[in-house]
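Taking it in order: structure first as structure tokens, then the write-up.
Worth knowing before you read on, the calculation uses all heavy atoms, side chains too, and leaves out hydrogens, waters and symmetry mates. Just so you know, these numbers come straight off a predicted model, no measurement behind them.
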Amino acid sequence: MASETFAYNHLGADLETQSNCENVYWISSQFERDKISLRLRENPVLATGLSPDHTSDLKNKLPNEKLKRSLLVGSIVDINTLLEEKRWFRIALKSGLGTGDVDLVSGGPPCQSFSLAGLRDHTHHRNQLPWEFAKFVENVKPKIALLENVSGILRPFKIEGEKFYAWYEVAKAFAKVGYIPLCLHVNAKYSGAAQNRPRFIMIAIRKDVLSSIKKSIAKDDPIRKIFEPSELLFKAVRNGDPEYGAVQDFKCWDIEKDKSIFSNSLLKSLLSHPTEDTFVSVKDAIDDLHRFGEDESSYVNEINSLFSPHEGLEEILPINKENNHEERTNNNRVRARFRLYQIMSILDKSQVKEIYEFLKTKGQSNISNSCLAELGKHWMLDVNGKLLSKPTATRIKGILKDLHTKKQTQKALIASLPAPAALSIPDDACHYYVDDKNQSTDTIRTLTVREMARIQSFPDWYRIRSKVTTGGQMRKFEVPQYTQIGNAVPPLLGFALGKVCRELLKATDGK
């Protein structure tokens with residue numbers, strides 16, 4: 001499903017109608033090439049494996065001109081198998097489909113089992129994918145490898161009483177294949193996205209490339225200091241296998257703790273919005289979508305002008321903010337809870353704590369008269385959808401009891417701040433509070449796909465494809481629109497990282 005979106009926006013290919021999809025190849029599938037609509041809906045776990053009863057579009061040699069600007073859909077495990085078995089494929093990728101080296105290989109191995117928002121399970125099969133990524137890099141040998149993951153990868157697992165640092169093991173894996181890993185803890189809000197989204201980034205540079213960089217820069221260039229810990233790790237790995245405890249000798253540069261390192265070096269593009277007063281707010285990102293006819297903010301104008309469709313795709317991808325902006329319907333109970341969360345977003349912390357406890361205990365805990373009085377200043381909804389302009393304390397208590405829930409992850413966005421990190425489940429966040437004297441209920445809802453895309457910094461011409469959402473067992477292998485947005489690297493963060501990589505490449509030969 002993610003490939004459907006990628007193909008449409010980057011290649012102009014409509015996989016659903018099988019239009020203009022000559023440059024999209026499946027590495028392994030249960031279905032023949034003329035059944036792309038079935039390929040889009042198959043379970044990828046069942047499709048992988050390159051078994052004799054599967055079809056591979058790469059079974060026979062493809063000329064380089066067919067592989068240029070193409071999309072390969074499938075598992076990196078299968079790609080690595082092809083690289084080992086098909087010499088033509090290995091040569092094509094290693095040469096960058098031409099005569100030179102590959103400059104950059106970038107990837108974001110699935111990270112749910114590293115995430116603090118999910119189950120932290122070091123044995124999960126998805127945790128093998130960073131190692132498969134390292135194996136791919138070893139085969140292709142790009143100048144730079146870029147890896148993105150959640151911040152949870154920085155926090156240790158405990159295995160039989162020992163601490164296990166996943167990020168450290170990943171860094172070691174790339175060092176073993178000849179790359180010097182620069183590890184960073186960044187946040188998309190510092191790159192201008194309207195989202196408080198911390199992320200782990202590893203920029204791994206091929207050893208000879210870093211040597212070339214060091215020969216071309218001054219002795220006091222900040223690049224030298226930035227890479228010192230990385231080079232120490234590289235040497236330690238090449239001389240053996242450092243144990244868990246040795247992680248203390250390695251450095252992951254943190255954008256909040258090491259701001260001077262970022263602001264005075266080639267990492268400065270990651271800190272283009274260095275202070276709270278320069279952060280982009282939720283209101284900046286989506287207010288015009290709530291109030292059609294309002295002018296777009298400077299943030300919206302920036303992402304729409306900075307990111308343009310590829311040449312030749314402008315006609316099929318015009319800027320249109322109504323695309324992916326269909327509002328989802330919520331039942332009356334959910335709407336009543338969303339309205340309560342909106343009010344809570346402007347109350348003080350002690351009052352919010354009282355309300356959460358009251359909801360959790362179904363009214364068994366105390367709630368102060370001052371808290372009830374504060375809630376009474378705002379209009380509310382009851383579980384039947386009735387709007388109450390000035391609810392009494394007794395009525396408010398009744399509403400809160402009806403809204404009993406132990407879940408405390410749901411919140412309303414705060415208009416003046418960047419949004420919390422977008423998750424793949426849309427119902428965890430609702431629209432921000434609007435002081436509407438007309439008591440309009442049009443913001444008592446979860447965000448639309450377009451609103452989430454705006455927060456992530458996607459331009460308005462970018463179309464999110466496939467089904468909107470999914471649930472149950474289908475979540476194991478379907479990647480609907482909300483999940484695609486929630487899993488994505490914000491384009492503004494990707495753009496900033498691209499600048500860092502470009503500066504590194506320029507330092508190798510001045511080009």
Please evaluate residues Glu326 and Thr448 with respect to the criterion side chain to side chain donor-acceptor pair (under 3.5 Å), reporting the C-alpha separation (whole Å), side-chain torsions for both, the decisive distance (0.1 Å), and the verdict. CA-CA 6 Å; Glu326 297 78 23; Thr448 66; over 6 Å; no

Short side-chain donor-acceptor distance under 3.5 Å, [Y] and [X]:
X: Asp460; Y: Asn320; value: no
X: Asn301; Y: Glu296; value: no
X: Asp53; Y: Ser51; value: yes

Would you say that [X] contacts [Y] through its side chain, given a criterion of any heavy-atom pair below 4.5 Å between the two side chains?
X: Phe200; Y: Val150; result: no
X: Asn60; Y: Leu62; result: no
X: Val282; Y: Pro418; result: no
X: His185; Y: Ile201; result: no
X: Leu147; Y: Asn149; result: yes

Gln481 side chain vs Ser466 backbone, donor-acceptor pair below 3.5 Å: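 Yes, Gln481 side chain to Ser466 backbone: donor-acceptor pair under 3.5 Å.
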
For a side chain to side chain donor-acceptor pair (under 3.5 Å) check, start with the C-alpha distance between Asp442 and Ser440, then their side-chain angles and the critical distance, and finish with the verdict. CA-CA 6 Å; Asp442 64 345; Ser440 171; 2.9 Å; yes

Show the nearest heavy-atom pair for residues [X] and [Y], with the distance to one decimal.
X: Val434; Y: His290; result: CG2-NE2, 4.1 Å
X: His431; Y: Thr443; result: CB-O, 3.1 Å
X: Cys21; Y: Leu15; result: CB-CD2, 3.5 Å
X: Gln456; Y: Ile485; result: NE2-O, 2.6 Å
X: Met202; Y: Phe174; result: CE-CD1, 3.3 Å
X: Asn64; Y: Ala92; result: OD1-CB, 3.6 Å

Could you walk me through whether Ser29 and His54 pass the side chain to side chain donor-acceptor pair (under 3.5 Å) check? CA-CA 5 Å; Ser29 174; His54 285 178; over 6 Å; no

Can you spot which of Ile226, Leu270, Val186 makes a side-chain contact (heavy atoms from CB on, under 4.5 Å) with Trp253?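 Output: one option passes, namely Ile226.
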
Evaluate side chain to side chain donor-acceptor pair (under 3.5 Å) for Tyr190 paired with Glu256, printing each intermediate quantity in order. CA-CA 10 Å; Tyr190 291 114; Glu256 296 192 337; 2.9 Å; yes

More than 12 heavy atoms of other residues, nucleotides or ligands under 6.0 Å from NZ of Lys467: yes or no?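 Atom NZ in Lys467 is crowded, with more than 12 foreign heavy atoms closer than 6.0 Å.
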
Looking at Lys141, I want to see if its NZ is surrounded by more than 12 non-hydrogen atoms of other residues, nucleotides or ligands under 6.0 Å.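 Yes, NZ of Lys141 has more than 12 neighbouring heavy atoms, counting only those of other groups under 6.0 Å.
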
Any idea how His10 and His310 line up, ring-wise: parallel (<30°), tilted (30 to 60°), or perpendicular (>60°)?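 Rings of His10 and His310: tilted, as their planes differ by 30° to 60°.
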
According to the salt bridge (charged side-chain N to carboxylate O under 4.0 Å, His left out) rule, which pairs have a member within residues 266-294, sequence neighbours left out?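 Passing the test, one end in residues 266-294: Lys283-Asp287, Asp287-Arg291, Asp288-Lys321, Asp288-Arg454.
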
Any ion pair linking [Y] and [X] (charged N to carboxylate O, less than 4.0 Å)?
X: Lys143; Y: Asp101; value: no
X: Lys135; Y: Glu84; value: yes
X: Glu503; Y: Lys506; value: yes
X: Lys214; Y: Asp221; value: no

Single hit among Arg41, Arg465, Arg39 for salt bridge (Lys or Arg N to Asp or Glu O under 4.0 Å) with Glu16: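 Testing Glu16 for a salt bridge (Lys or Arg N to Asp or Glu O under 4.0 Å) against Arg41, Arg465, Arg39 leaves exactly one candidate, Arg41.
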
Sort out for me which residue in Arg335, Arg445, Arg450 forms a salt bridge (Lys or Arg N to Asp or Glu O under 4.0 Å) with Glu327.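 For Glu327, the salt bridge (Lys or Arg N to Asp or Glu O under 4.0 Å) test succeeds with only one of Arg335, Arg445, Arg450, which is Arg445.
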
Stepwise, does the side chain to side chain contact (heavy atoms under 4.5 Å, CB included) test hold for Leu146 with Leu104? CA-CA 7 Å; Leu146 175 67; Leu104 174 70; 3.9 Å; yes

Asn196 and Asn187: side chain to side chain contact (heavy atoms under 4.5 Å, CB included), yes or no, with the steps? CA-CA 7 Å; Asn196 179 22; Asn187 194 315; 2.8 Å; yes

Atom pair CD1 (Ile286) and NE2 (His325), whose distance is rounded to the nearest 0.5 Å: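 Spacing of CD1 (Ile286) from NE2 (His325) equals 8.5 Å.
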
Side chain to side chain donor-acceptor pair (under 3.5 Å) involving Gln410 - partner list, sequence neighbours excluded: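 With sequence neighbours excluded, Gln410 shows a side chain to side chain donor-acceptor pair (under 3.5 Å) to no residue whatsoever.
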
Determine, stepwise, if the pair Val209 / Leu504 fulfils side chain to side chain contact (heavy atoms under 4.5 Å, CB included). CA-CA 9 Å; Val209 174; Leu504 287 167; over 6 Å; no

